[in-house]
Amino acid sequence: MARDKIYLEEIFPSPFMQLWSIFRKTPVAMVGMSCFLFLIVLAVFGPLLAPHSPVEGQLDMLLLPPAWHIDGNVSYLLGTDELGRDMLSRLMYGTSLTFGLSFIVVIISLVIGVIIGSLSALTSGLKSSFLNHFLDVILSIPSLLLAIIIVAILGPGIGNTVWAVVLVLIPQFIHITRYAVKEESRKDYVLASRLDGAGPFRILYYSIFPNITDRIMGQATLAQSAAILDIATLGFLGLGAQIPLPEWGATLANGLDLFYIAPWTVYLPGLAILFAVVSTNLVGEGIRHALKLRKAR
Amino acid sequence: MLVFTLRRLSLFIFTMLLLTLLSFSVNFLFPGEAIINLSGAINATPNQLIELNEAYQTHRNIFWQYIAYLGHIINGDLGLSMASQSDISTEIVNLLPATIELSLVALLIAMLIGIPLGFIAAIKHNKPTDNLILSVSMLGYSVPVFWLGLLAILTFSINLGWFPSAGQISLLFEIEAVTGIQFIDILMSDSPYKWQAFNDASAHIFLPACVIAVAPATIFIRLARTSMIEVLDTSYIRAASAKGLTFRQIIFRHAIRNALIKIIRHIGLQFANLVTIAMVTEVIFSWPGIGRWLIESIYQRDYTAIESGLLVLSCFIFIVHILTDFIYAALNPLARGNKYGA
């Protein structure tokens, strides 16, 4: 019998790779993942691919229904709005505003939240108890209410919306990182590296972080779906993206007056938001499912 | 229970202090002068300004200013609305009951739909029914609420004409506001058209309450499912089935009670989420509640109203939070925290 491996060397995949190998075997999660990647590509290249300008209207093409309708025009695939602006181009540009910005928002708040969270996990006593209560209070205020207050302080506009949502999401990341780090530091392998003489930051970086990445990613998908909904809701209320910007929520609010005559100006942005949130949630579900299976092993 | 109450009370006081501190400091962040933002007196004469400065202790340091602000809040004085120059606390007292009514009805609907569905999903764990319920719940919490509200108005109010699309009650009915909660007021009034008014109010609340209930209901489905799966896995359920009880008896006598307790704990946490959704829905359905008032205050740059609205809404949410904690502790002796042989 031939033995390919002469040296019995076992390779242990990192926790993240174990997660990926389970994740890959869930078809629904992979569908969600490919939709998510599609949206990212669209967010980056959407402005290049869009057939028309999102802000310039064609005055002879007002309120054109989508192309499958009998009055539709195939060069305006999803119809036009009341100023003759192409809905497809507006939605494509909107991807980079609503979806792309929410992605950036999550990354920023993830980095800040994880740093503060892991530092706070290293502290103990009065400081830590104060932070705990403080976080509980912040988390008990509804995220949208908090975002609205921050926008009220900063003034409406897409840039301020982004900062508001970042500030709202940070406490959630602090909370989850803190708990994850505290839970991991009680385990024996951390004790082992502490006995080896590793300092707190070395333990944090080499021992704890690789083991909590997956949990933070699970939280990140939750945060991303919340961020998409918050940005769109603020846009809808007129507190986020301002008039010509094709942000999905703002586009939807724009179509509101013509809802009965031109329902596609309201259906389509709503469907776009739904699609983005569902695909994000599918990825999140996949990660959580894989986490559960990995723990059960 | 006493220790538990004291601990909750200290948490309550701490949180109230933090919330007031937050709403106090927000006044300095808003554009304009802090004293005007605090009191809302935009047209104050110099003499009135001197009085206001005296009342809010602006010549002393920030700590005493905060104490003066706390004193004003405890006396129920939240300042004047910058836009209408009316007293904010009266406005809030008029508006808050409508929001409470709407969110409670929505919470009820969400629980009545969500919890049984979650139990069914748990009993049929890993079967097609379970997967179907889970996918529907995923759609439910992904859908943007303002879009859902608009679709509901288009379908049920405009195309089918089943429900009215806006407001709390038809203007034909004259109901005297006593408690502010519409249903109680209607039942207490001695109008001859009491039941017509009651039906009309129910028709008005049904659509917005259902729209609000969708997202919390899906979360209740998931909570109910997980807690039921956990309960069905315990040894006392196995003991019950070894005793020879039928599956139906096990579910109704043992499993549901224990699973429900775990869900009650999460209701308080879900309430914050529900109130946020209610705020947006109030705008769409023109519901005369505090959420719509708050969003309109933002359009009008009414900083006094924004700051007081933040304070009142978050206090309301926190009080519900504490109340559900108490209910949970009253129902579940394990949660009272005296495990070490009390």
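Each chain gets a letter, A, B and so on, in the order the sequences are listed, and its residues count up from 1.
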Show me the side-chain donor-acceptor pairs of residues 151-165 of chain A shorter than 3.5 Å, one per line, residues at least two apart or across chains.
from   : atom 1 : to     : atom 2 : distance (Å)
A/N160 : ND2    : A/L154 : O      : 3.1
A/N160 : ND2    : A/G155 : O      : 2.7
A/T161 : OG1    : A/G157 : O      : 2.6

Notebook entry, point to check: Going by distance alone, is a donor N or O of one side chain under 3.5 Å from an acceptor N or O of the other, for A/S102 and A/Q224?
Noted result: yes
Margin query: Could you check whether any side-chain N or O of A/R90 sits under 3.5 Å from a backbone N or O of A/P246, counting only pairs where one atom can act as donor and the other as acceptor?
Written below: no
Item checked: Parallel, tilted or perpendicular: rings of B/F28 and B/F24 (30°, 60°) -> perpendicular
Notebook entry, point to check: B/L274 versus chain A, heavy atoms under 4.5 Å apart: side chain, backbone, both or neither?
Noted result: neither
Notebook entry, point to check: Who wins among B/V143, B/L18, B/L29 for the most heavy-atom pairs under 4.5 Å with chain A?
Noted result: B/L18
Next item on the list: With a 4.5 angstrom heavy-atom cut-off, could you sort out which part of B/Y303 is near chain A: side chain, backbone, both or neither?
Entry: side chain
Note to self: For A/V31, is there any backbone N or O sitting under 3.5 Å from a side-chain donor or acceptor partner on A/S34?
What the structure shows: yes
Notebook entry, point to check: Does anything in residues 149-159 of chain B get under 4.5 Å of chain A by heavy atoms, and if so which residues?
Noted result: B/L150, B/L151, B/L154, B/I158, B/N159
Item checked: Qualifying ring-ring contact (aromatic ring centres under 6.0 Å, His included) pairs with a residue from residues 234-275 of chain A, counting only residues at least two apart or across chains -> A/F236-B/F146
Notebook entry, point to check: Distance-only, no hydrogens or angles: does the B/D302 side chain make a donor-acceptor pair with backbone N or O of B/I298 under 3.5 Å?
Noted result: no
Notebook entry, point to check: Do B/Y299 side-chain atoms and A/L237 backbone N/O form a donor-acceptor pair below 3.5 Å?
Noted result: yes
Notebook entry, point to check: Under 4.0 Å between a Lys/Arg side-chain N and an Asp/Glu carboxylate O for A/E183 and A/R178?
Noted result: no
Notebook entry, point to check: Can you say whether A/T233 sits under 4.5 Å from chain B via the side chain, the backbone, both, or neither, judging by heavy atoms?
Noted result: both
Item checked: A/L256 versus chain B, the contacting section by heavy-atom distance below 4.5 Å -> side chain
Next item on the list: Without swapping roles, check the side chain of B/W287 against the backbone of B/A98 for a donor-acceptor pair under 3.5 Å.
Entry: yes
Check: Going by an N to O cut-off under 4.0 Å, is there a salt bridge joining B/R225 and B/E230?
Finding: no
Check: By a 4.5 Å heavy-atom criterion (distance strictly below it), what part of A/L252 contacts chain B: side chain, backbone, both, or neither?
Finding: side chain
Check: Looking only at heavy atoms, which of residues 126-139 of chain B get nearer than 4.5 Å to chain A?
Finding: B/M138, B/L139
Checklist line | B/T20-B/Y66 side chain donor-acceptor pair, cut-off 3.5 Å | finding: yes
Check: Is chain A contacted by the side chain of B/I306, its backbone, both, or neither, given a heavy-atom distance below 4.5 Å?
Finding: both
Margin query: Show the nearest heavy-atom pair for residues B/E282 and B/G289, with the distance to one decimal.
Written below: OE1-C, 3.4 Å
